[in-house]
Peer 1: 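Dumping the structure here so I can ask a few things about it.
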Amino acid sequence: MSINCAAVDRLIDSMSFTQKVGQLNQRLLGWKSVERNAAGRLVASDELKQEIDRWGGLGTLYGLLRADPWSGQHWGNGIRPEERTEAIAVVQQTVLERGAHGIGVLLSEEAPHGHQALGGTVLPTNLGLGATFDPQGVREAEAAVAAELAASGIHIALVSGLDIARDPRWGRCEECFGEDPLMAARMCEAIVTGMQGEHRSKVGHGGVAVVLKHLAAQGEAVGGRNGQSAVLGPHDLHEIHLPPVAAGVRAGALGFMAAYNDIDSVPCCANPWLLKDYLRDQLGFDGIVMADGLAVDRLEDMAGSIPAAGRAALLAGVDVSLWDEGFTRLEEYADDEQVVAAVDTALRRVLELKAMFGLLPEDGADTAAIAMPSADAIAQATADGREQAKRMAREAITLINDGQSAATLDDIRSVIADAQAGPVIVAGPFADDFGCFLGDYTAPLPADEQSSVYRQLVARLGEDRVLLAAKPSDAPADQWARASTVVFVCGSTSERSYDSEFDDNGAAKAVTEYGATCGEGVDLSDIRLPWRQDDMLGEVAALTTAPIVSVAVCGRAHVLTDVLERSAVTIWAGYAGQYGPQAVADVLVDGADMSGRLPVTLPAYPAAIPVRYNDRQSAAHVYKDAAEPILRGFGYGAGSLAAVTFSEMHADTQSHPGEVLVQVTAHADDHGAAGAVNLFAHVSGGRRIPRLAMLVDSVYMDLNAGERRDIAFHVPCDRLRDVGDGQVQVTCTLDGDSTHTVTATLPGEY
């Protein structure tokens, strides 16, 4: 929808200062805006009415459809999929009836890996999506999520993607696409184009506005402690943490969320360089900046008071608040010319976004004519989202160990397929667990959509063949002795229970002995597998001679050293989403390929962290008690393109100005293969210590059996050069394979 600037001007001129401030607030928790009457129908709550009356309207409403333990919404009391239309209609009609200017309310929802609502699609978390190295697949999956949101009457999707996993102690690593800035940038671009369409073409037309979070450098927090200082210089800030931001702006993102942390002592929510100079002036961003939940109020110590915190955030470039009181106190600055001007600027951005969704009254009309959700469209979009979730779960599964003992994965598959072989024992704390695959920010799924690795294997092999032993003592010794295969499901979980305790921003507050071990608020000082799972696996290995397949369901780079040593085969599953158990069974029973690659470096020891593939100094042989601190490197995937060989690799610095063209020929055997081919570079000759390696391009391909294909990597010289006055030598390596390496020299004129 085109924006009528004159109409926006007239609205701004007609509003009181209080009404303007009200349009910038997102204070009300959406699930508190409706309630059920005696007949069970949804009606507007008094809290919603009071909020509208206070401001003469409503700017943005957060989480109307959200369901999870923090909100307290579940299948017994929350808004079901078939009730979304009723809930949206109640809220919008109440806002239009009680508001002063006939302006509808923007509805924002959490969608970090699918829609966090009852019946919403649950994709793999970003760490799982990052393992696919497939931006086009992510784009299609996010487009399906956006279609569900749009069909449900939602306008804004709050989507993680900007964070980089730099320290595995940080509980929110699962929300990162991995440790690499280029892949994160490509995934952020995929999110935006998938949800908003090219050039924002779907916004208001089957798509939603994306608010990318979190801006910026949250993954660099000291000690992996959530929301704390990021201590880094401007070069690393630009090279590691800002590429996804720039990619989001290029793709047309309509919003960014300012993070909790500070960068070199300046809070992101009060950082005019970050939110104005860089984001708007340098990158040309023209959308809204939203604060993270209660982040404005956290400025109180810096600013001196809650009202001053609101003023500081507003003047630094925050347009829309989230749950805080600081923005509600902006009324106290009605005589402050800076605040008045900044309110008008932010208001214009909010109203222009509302215009894209038809939330402003048309010329001559008293109120906006807001289209209501369609139940059929919701059902179709949800079905499409389920198919995308299945596909992405399969792509996320990563083989990180094969043939550690005499048995290979192919051998184990043959044994599993042999109905006359001994039992298959599914062991480990997550053997019959579904929630471990879902990650944080997930709504509860109905019982008939829940599964587990154990239940999936039972469905395919039969109850007589598959035994469950969450603990070694759960199966008798004779069964362990007869076992043909053991599947050990280990890892971590972000699952919250409805009796969990939370901080005021929804982060986990208290973690019980067997509660969440990952997610927001669950930073760990020890990244070994929790609950003594290594010891449990040792007990299992002592009970049986059967080959062990370990399935690591992880939201961070846990130490898996013992797991690899004791398992014939190890599969890394990230948090693969609602279809994660099926994807694992597809691998073990149906022989599905594993195209995933590790999106993070796996450390070999719990204290030898952080280690990243793109560090400037190697950690090898530094620790006298841990000579080789890396267990598996970034991009590792033993199953990725295993049936492909490469030849004829060469580099061209002449025919394409401004880039290095690296070409290689791929040959598939009679099996065919799919997955990402990654190109890494090491640069020398500048004025800085070079990184050990940089991912400079990645091509996802799907080869038919026997197919031969030329692959071209286009590497911009700007990614290879640094400030200096001499020649730069670039060594490009294909997926860390020293047999496929080329060297090129860039001219010194830069």
Peer 1: Hey, does Glu189 have a side-chain heavy atom less than 4.5 Å from the side chain of Pro135?
Peer 2: no
Peer 1: Quick check for you: to the nearest 0.5 Å, what is the distance between Asn261 atom CG and His214 atom NE2?
Peer 2: 9.5 Å
Peer 1: side-chain contact (heavy atoms from CB on, under 4.5 Å) with Val696: which of Val715, Val662, Asn678?
Peer 2: Val715
Peer 1: Does CD belonging to Gln654 count more than 12 external heavy atoms closer than 6.0 Å?
Peer 2: no
Peer 1: Taking the side chain as every heavy atom from C-beta outward, state whether Ile263 and His241 have any pair of such atoms under 4.5 Å apart.
Peer 2: no
Peer 1: Are side-chain heavy atoms of Phe177 and Leu129 found at a separation under 4.5 Å?
Peer 2: yes
Peer 1: Between Arg186 and Asp697, is the salt bridge (charged side-chain N to carboxylate O under 4.0 Å, His left out) condition met? List the steps.
Peer 2: CA-CA 10 Å; Arg186 292 187 172 179; Asp697 201 8; 2.7 Å; yes
Peer 1: Would you compute the distance between atom CD of Glu659 and atom CG of Asp652 and round it to the nearest 0.5 angstrom?
Peer 2: 9.0 Å
Peer 1: To check you understand the geometry: which heavy-atom pair defines the closest contact between Ser698 and Ala676, and what is its length?
Peer 2: OG-CB, 3.8 Å
Peer 1: To the nearest 0.5 Å, what is the distance between CG on Asp167 and SG on Cys173?
Peer 2: 7.0 Å
Peer 1: Which atom names give the shortest non-hydrogen contact between Pro112 and Asn126, and what distance separates them?
Peer 2: O-OD1, 3.5 Å
Peer 1: Would Leu560 and Leu529 count as a side chain to side chain contact (heavy atoms under 4.5 Å, CB included) if you check the C-alpha gap in whole Å, the side-chain angles of each, and the deciding distance to 0.1 Å?
Peer 2: CA-CA 7 Å; Leu560 300 177; Leu529 291 178; 3.9 Å; yes
Peer 1: As an exercise, state the distance from CZ of Arg556 to CG of Leu127, rounded to the nearest 0.5 Å.
Peer 2: 10.5 Å
Peer 1: Find out whether Asn614 and Ile240 are in side-chain contact, i.e. whether some heavy atom of one side chain is under 4.5 Å from a heavy atom of the other.
Peer 2: yes
Peer 1: Could you walk me through whether Met594 and Thr398 pass the side chain to side chain contact (heavy atoms under 4.5 Å, CB included) check?
Peer 2: CA-CA 6 Å; Met594 284 173 279; Thr398 303; over 6 Å; no
Peer 1: To the nearest 0.5 Å, tell me how far Arg139 CZ sits from Gln388 CD.
Peer 2: 12.5 Å
Peer 1: Looking only at the aromatic ring of each residue, does the gap between the centers of Phe256 and Phe285 stay below 6.0 angstrom?
Peer 2: yes
Peer 1: Can a donor-acceptor pair be found, under 3.5 Å and without considering hydrogens, that links the side chain of His558 to the backbone of Ile527?
Peer 2: yes
Peer 1: Taking His682 for the side chain and Ala693 for the main chain, is one N or O donor matched with an acceptor at less than 3.5 Å?
Peer 2: no
Peer 1: Measuring only between side-chain heavy atoms, which start at C-beta, is Leu695 closer than 4.5 Å to Tyr613?
Peer 2: yes
Peer 1: Measure across Ala643 and Gly672 and return the closest heavy-atom pair with its distance rounded to 0.1 Å.
Peer 2: CB-O, 3.9 Å
Peer 1: Stepwise, does the side chain to side chain donor-acceptor pair (under 3.5 Å) test hold for Tyr441 with Thr125?
Peer 2: CA-CA 9 Å; Tyr441 287 92; Thr125 64; over 6 Å; no
Peer 1: Have Ser229 and Asp262 got a donor and an acceptor in their side chains that come within less than 3.5 Å?
Peer 2: yes
Peer 1: Start with the C-alpha distance between Val266 and Trp273, add both sets of side-chain angles, then the distance that settles side chain to side chain contact (heavy atoms under 4.5 Å, CB included), and finish with yes or no.
Peer 2: CA-CA 10 Å; Val266 182; Trp273 174 84; over 6 Å; no
Peer 1: Salt bridge or not between Glu387 and Lys390? Use side-chain N to carboxylate O under 4.0 Å.
Peer 2: yes
Peer 1: Decide yes or no on side chain to side chain contact (heavy atoms under 4.5 Å, CB included) for Leu692 and Ser618, but give the supporting numbers first.
Peer 2: CA-CA 7 Å; Leu692 299 172; Ser618 173; 4.2 Å; yes
Peer 1: Taking Gln228 for its side chain and Val222 for its backbone only, find out whether a donor-acceptor pair lies under 3.5 Å.
Peer 2: no
Peer 1: Kindly state whether the ring of Phe133 and the ring of Phe634 have centres lying under 6.0 angstrom apart.
Peer 2: yes
Peer 1: Using only atom types and a distance under 3.5 Å, with no angle test, would you say the side chain of Arg597 pairs donor to acceptor with the backbone of Gly675?
Peer 2: no
Peer 1: Using only atom types and a distance under 3.5 Å, with no angle test, would you say the side chain of Asp163 pairs donor to acceptor with the backbone of Glu175?
Peer 2: no
Peer 1: Measure from the side-chain N and O atoms of Thr561 to the backbone N and O of Ala604, and report whether any donor-acceptor pair falls under 3.5 Å.
Peer 2: yes
Peer 1: Between Ala247 and Ala185, which heavy-atom pair has the shortest distance, and what is it?
Peer 2: CB-O, 3.4 Å
Peer 1: Indicate yes or no for a side-chain donor-acceptor contact from Gln196 to the backbone of Leu254 under 3.5 Å, with no hydrogens or angles considered.
Peer 2: yes
Peer 1: Using a cut-off of 6.0 Å, state whether more than 12 heavy atoms not belonging to Arg528 lie near its atom CZ.
Peer 2: no
Peer 1: Using the salt bridge (charged side-chain N to carboxylate O under 4.0 Å, His left out) rule, pick out the option among Arg691, Arg166, Arg688 that qualifies with Asp236.
Peer 2: Arg691
Peer 1: What's the shortest heavy-atom distance between Val644 and Ala666, and which atoms?
Peer 2: CG1-CB, 3.9 Å
Peer 1: Output the distance between atom CD1 (Ile400) and atom OH (Tyr636), rounded to the nearest 0.5 Å.
Peer 2: 8.0 Å
Peer 1: Which of these, Arg612, Arg632, Glu179, sits in a side chain to side chain donor-acceptor pair (under 3.5 Å) with Thr601?
Peer 2: Glu179
Peer 1: Taking the side chain as every heavy atom from C-beta outward, state whether Met701 and Ile711 have any atom pair closer than 4.5 Å.
Peer 2: yes
Peer 1: Do Leu679 and Met649 have side-chain heavy atoms sitting under 4.5 Å apart?
Peer 2: yes
Peer 1: Show, in sequence, the C-alpha distance, side-chain angles and deciding distance for Asp440 and Tyr575, and conclude whether the side chain to side chain donor-acceptor pair (under 3.5 Å) test is met.
Peer 2: CA-CA 9 Å; Asp440 204 355; Tyr575 289 156; over 6 Å; no
Peer 1: Could you report the tightest heavy-atom contact between Ala111 and Ala157, atom names first, then the distance?
Peer 2: CB-CB, 4.1 Å
Peer 1: Does the pair Glu707 and His667 meet the rule for a side chain to side chain donor-acceptor pair (under 3.5 Å), with working shown?
Peer 2: CA-CA 6 Å; Glu707 183 178 357; His667 314 253; over 6 Å; no
Peer 1: Could you point out which residue of Ile164, Leu182, Leu212 forms a side-chain contact (heavy atoms from CB on, under 4.5 Å) with Pro244?
Peer 2: Ile164
Peer 1: Got Leu275 and Arg280 here, is their nearest side-chain heavy-atom distance under 4.5 Å?
Peer 2: no
Peer 1: Just by modelled atom types, is the Ser595 backbone N or O under 3.5 Å from a matching donor or acceptor in the Asp593 side chain?
Peer 2: no
